[in-house]
2 protein chains.
Amino acid sequence: MDRERLVDETLMLLPTLMRLVERPSPVEMGEIARRGLATDVQVSPGHIQVLIALTRGPRSVGQLAEEVGVSPPAATQLVDKLAEHGMVDRHSDPADRRVVLVDYVAGMREVASRIVEDRRRPLHDAMSKMTDVEALAFVKGLRLLARSFGAEAGEEV
Amino acid sequence: MDRERLVDETLMLLPTLMRLVERPSPVEMGEIARRGLATDVQVSPGHIQVLIALTRGPRSVGQLAEEVGVSPPAATQLVDKLAEHGMVDRHSDPADRRVVLVDYVAGMREVASRIVEDRRRPLHDAMSKMTDVEALAFVKGLRLLARSFGAEAGEEV
DNA sequence: CAGGTTATATAAGCAGCTTAACTTTGTGGG
DNA sequence: CCCACAAAGTTAAGCTGCTTATATAACCTG
């Protein structure tokens, strides 16, 4: 099989895809607005990643940075913005007061889930056109790529 | 099967992957340096996309913008930088002098191919761990996602 | 309790994109 | 024939999301 062509097609598709994903969609703003929050919110992929990570429980800023794959200052920034809009809260870990634990503001878990849902939709649509085997292979591919590029970038494991 | 989990994992993986892909890798610079060109070159995913697109023949700036999935000014910028480093050339289309045709500078086709090769490597490594079926499913998934997100972003077809 | 390390935050700066406005070239009806 | 409009590209201005370097506070160890 001609893998070279697949590789090149991936090199063409991946950046284009990410530009589309990054393109601000006004949908979430409406969703937030309906809750009486600020209407000019831009929800970036990074914010979505944080919201998803938090569904699995509170996280320190450092853990978020690692899970999302950004530097600690970038994680601080992501949390700043989400906190600014009342989505999440910071409180320092009683066990280690250097650590800042981030969690949903009470009642915002559901709002977050709706915001994430909006992001999920196009992805869901795309996946509905794949078989189970294809969907699994796709995600497996993403995992392999992330690992491979991570190694290239000198990621310590 | 639990598609929701796959969707969420994709939402977590995709942005992380793109950050890794965007991370400047010093490899290409070395490659370029060996040819006597400037050593401080940063080759972004967008530049790689242009270089790949040009392997299929000369392209107008507008065509490049469309293939790469960016606005015309962004395409101009990409071409600017590649031209600055002597990789590509502009000449106006004799048939329509508004059109600017972009093509490799003589002899740079091979250099470009080496630069792209460096980008290909981690991708190639990752794909070598997939079966043929998986690799095809992966690329098919990327295509579906690009289409789906493109539709969401109001892409005219 | 001094000195080093760790977790987060602040500051400064850069790359890549966007929209808006401008220039040049092509086109089609009066 | 020419004038108004459309199209291709560029220039300008501005924003976002990241990075590294630096600062601050808390923890830990001899």
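Chain naming here is simple, since letters A, B, ... match the order of the sequence lines and numbering starts at 1 in each. Note that the structure is a prediction, hence the values are computed from the model and not measured. Just the heavy atoms: all of them, side chains too, but no hydrogens, waters or symmetry mates, feed the values below.
At least one donor-acceptor pair closer than 3.5 Å links the side chain of B:Arg19 to the backbone N or O of A:Val68. For the pair A:Ser148 (side chain) and B:Pro122 (backbone), a donor-acceptor distance under 3.5 Å is present. The backbone N or O of A:Leu51 sits nowhere less than 3.5 Å from a side-chain atom of A:Thr55 that would complete a donor-acceptor pair.
Nearest-nucleotide positions on DNA chain D for A:Asp93 and A:Ser44 put A:Ser44 closer to the 5' end. Projected onto DNA chain D by closest heavy-atom contact, B:Asp80 and A:Val70 fall at different nucleotides, the more 5' of which corresponds to B:Asp80. Nucleotides of DNA chain C nearest to A:Gln77 and A:Arg19 differ in position, and the one nearer the 5' end is that of A:Gln77.
Straight-line distance from the CZ atom of A:Arg23 to the C1' atom of C:dG16: 13 Å, rounded to whole Å. With rounding to whole Å, A:Glu22 atom CD is found 12 Å from C:dA15 atom C1'. B:Met18 has its CE atom 11 Å from the C1' atom of C:dG16, to the nearest Å.
Counting only residues at least two apart or on different chains, the salt bridge (charged side-chain N to carboxylate O under 4.0 Å, His left out) pairs with a member in residues 142-151 of chain B are A:Glu9-B:Arg143.
Here the straight-line distance linking atom NE2 of A:His91 with atom CG of A:Leu101 works out to 5.5 Å at 0.5 Å rounding. Note that CZ of A:Arg119 is 8.5 Å distant from CG of B:Leu11, once rounded to the nearest 0.5 Å. B:Asp89 CG to B:Leu82 CG: the interatomic distance, rounded to the nearest 0.5 Å, is 11.5 Å.
The pair B:Glu117-B:Arg121 does not count as a salt bridge, with every side-chain nitrogen at least 4.0 angstrom from each carboxylate oxygen. With respect to the salt-bridge test (charged N to carboxylate O, under 4.0 angstrom), the residues A:Asp132 and B:Arg3 qualify.
Axis angle, first five pairs versus last five pairs of the helix from C:dC1-D:dG30 to C:dG30-D:dC1: 0°, rounded to 10°.
Contacts between chain B and DNA chain D, taken as any atom within less than 4.0 angstrom of a protein heavy atom, begin and end at D:dA7 to D:dT19.
Within the 4.0 Å cut-off from OP1 or OP2 of C:dC17, not a single side-chain nitrogen or oxygen of B:Ser71 is found.
Between the base of C:dT6 and the side chain of A:Arg98 there is a donor-acceptor pair shorter than 3.5 Å.
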